[in-house]
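Note that the structure is a prediction, hence the values are computed from the model and not measured. Nothing fancy with the numbering, it's 1 onward along the sequence.
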Amino acid sequence: MWRQIRAASVLAFLPFCLNAQPTEPGGFLEMAAPSIQMVAVTTKDWTATEGELRRFSRTEQGWQQTGSLVPVKVVVGRAGLGWGLGMTNPPVSDDPQKKEGDGRSPAGVFPLTYAFGYAAPADVPEIKLPYIQCTKSVECVDDPNSAYYNIIKDRNTVANPDWKSSEKMLMDDGEYKLGIFVAHNSSPAVPGAGSCVFMHVWKAPGHPTSGCTAMRLGDLETLLGWLDPRAHPILVQLPRKQYLENRRAWRLPAIQFE
């Protein structure tokens, strides 16, 4: 029964997350109107590999910070950030652009679609997002030539797997013990624009990722306990300068950077 409930939740939630088409900067506001939860990740600049995470809830007075006012420490890709494909189009500029295998985490605005982890669904009732259990046959396809590019699939459910490269979601370490799928380049996926972008447990403080956003396990547990699919949560991930430049047009919450 639990699996049926979770499967129904996935089917109900995915149309909002995956059918959204990229828009001009600022245009995501109309599409994100149902969203009342925002996760804001900011870095010092394009090449920084460490950043800060803050949570915001939308109220009648606008976005209000939720939880501790002390930002959560996170790490991003080993090459920093690059504009990704989400609810905004990357601007025409000399700023870095996210590509497959470049070691950058995507910058922009992205729906947070579902969660995953090593535990069985019944063992994580606090997670409200649709949830996928990572098993030995569950993989995230990062082969740009595959029809399943940038999709998490159970290999055992595919008659003829066409991918030559993928990430095994059940690993020997705890990095994917808990995670969130970030809907970067997924509406639809553009071959080579980047895949398998998650928020997950970091390897160690200060240790960058291959293109994801990672944090301490306890901080991720808190985040997952807060995220609610009914609130259509989004991730806004930007260097500080770009955050400030787009704050008014995108109606982002004010952040006082040190």
Handout entry: salt bridge (charged side-chain N to carboxylate O under 4.0 Å, His left out) evaluation trace for K99 with D102
Key = CA-CA 6 Å; K99 302 294 182 184; D102 63 0; over 6 Å; no
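- When atom types are taken as modelled, the side chain of S105 and the backbone of G77 share a donor-acceptor pair closer than 3.5 angstrom.
- Residues A107 and L238 share a closest heavy-atom pair of CB-CD2, 4.2 Å.
- Using a 4.5 Å cut-off on side-chain heavy atoms (C-beta onward), T66 and W226 make contact.
- At distances below 3.5 Å, not a single donor-acceptor pair connects side-chain atoms of D123 with backbone N or O atoms of A119.
- A donor-acceptor pair is defined here as one N or O able to donate and one able to accept, closer than 3.5 Å; no such pair exists between the side chain of K98 and the backbone of L81.
- Between K203 and E175, at least one side-chain nitrogen of the basic residue sits less than 4.0 Å from a carboxylate oxygen of the acidic one, meeting the salt-bridge criterion.
- No side-chain heavy atom of E50 sits under 4.5 Å from any side-chain heavy atom of V76.
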Handout entry: E52 vs V41, side-chain contact (heavy atoms from CB on, under 4.5 Å): CA-CA, chis, key distance, verdict
Key = CA-CA 6 Å; E52 298 178 335; V41 170; over 6 Å; no
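- Hydrophobic clustering of Ile, Leu, Val, Met, Phe, Trp and Tyr side chains at less than 4.5 Å, counting indirect connections, unites V236 with I255.
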Problem - Derivation of the side-chain contact (heavy atoms from CB on, under 4.5 Å) call for I36 and F56 - result: CA-CA 8 Å; I36 58 174; F56 295 90; over 6 Å; no
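- Checked by atom type, the side-chain pair E139/W163 shows a donor-acceptor distance below 3.5 Å.
- Without hydrogens or angle criteria, T43 side chain to A48 main chain gives no donor-acceptor distance under 3.5 Å.
- To the nearest 0.5 Å, atoms CZ (R78) and OG1 (T209) are separated by 8.0 Å.
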Exercise for the section: Test T42 against R54 for side-chain contact (heavy atoms from CB on, under 4.5 Å), laying out the working first. Expected result: CA-CA 9 Å; T42 54; R54 297 170 173 85; 3.7 Å; yes
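- Applying the ring-ring contact (aromatic ring centres under 6.0 Å, His included) rule to F116 yields the partners Y176, F198; only residues at least two apart in sequence or on another chain are considered.
- Between the R58 side chain and the W63 main chain, no donor and acceptor come within less than 3.5 Å of each other.
- With hydrogens and angles disregarded, a donor-acceptor distance shorter than 3.5 Å links the side chain of N185 to the backbone of G194.
- Residues P106 and H184 share a closest heavy-atom pair of CB-ND1, 3.7 Å.
- Between the CD1 atom of I180 and the OG1 atom of T213 there is a distance of 10.0 Å, given to the nearest 0.5 Å.
- Proximity of a side-chain donor or acceptor of Y114 to a complementary backbone N or O of I132 within less than 3.5 Å is not detected.
- When every heavy atom of M38 is checked against every heavy atom of P253, the shortest pair comes out as SD-CD, 3.6 Å.
- With sequence neighbours excluded, no residue satisfies ring-ring contact (aromatic ring centres under 6.0 Å, His included) with W202.
- Closest non-hydrogen pair, M171 versus Y118, comes out as N-OH, 3.4 Å.
- Taken together, C196 and C212 fail the criterion of an SG-SG distance shorter than 2.5 Å.
- With no hydrogens or angles considered, a side-chain donor-acceptor pair links D162 and S146 at under 3.5 Å.
- Listed for the D95 side chain is no donor-acceptor partner under 3.5 Å among the backbone atoms of W83.
- Put simply, OG1 on T135 and CG on D154 are 5.0 Å apart, with the number rounded to the nearest 0.5 Å.
- Remark: the Q37 side chain and the S57 side chain contain no N/O donor-acceptor pair separated by less than 3.5 Å.
- In this structure, G211 and V197 approach most closely via the heavy-atom pair O-CG1, 3.8 Å.
- Counting heavy atoms from C-beta outward, P90 and L85 have side chains that approach closer than 4.5 Å.
- Separating the CD atom in E245 from the OH atom in Y243 is a distance of 13.5 Å, to the nearest 0.5 Å.
- Under the 4.5 Å side-chain contact rule for hydrophobic residues, Y148 and I152 do not share a cluster.
- Nearest heavy-atom pair, M215 versus L53, reported as atom, atom and distance to 0.1 Å: CE-CD1, 3.9 Å.
- A distance-only check finds no donor-acceptor pair linking the side chain of S186 to the backbone of P188 [under 3.5 Å].
- Within the model, atoms CZ of R55 and OG1 of T222 stand 6.5 Å from one another, a figure rounded to the nearest 0.5 Å.
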Handout entry: Stepwise side-chain contact (heavy atoms from CB on, under 4.5 Å) test for N150 and D142
Key = CA-CA 6 Å; N150 198 25; D142 57 14; over 6 Å; no
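- You'll find the side chain of P239 stays beyond 4.5 Å of the side chain of K44, heavy atoms only.
- The backbone N or O of G62 sits less than 3.5 Å from a side-chain atom of T59, completing a donor-acceptor pair.
- Between the CG atom in L112 and the CG atom in L235 there is a gap of 5.5 Å [rounded to 0.5 Å].
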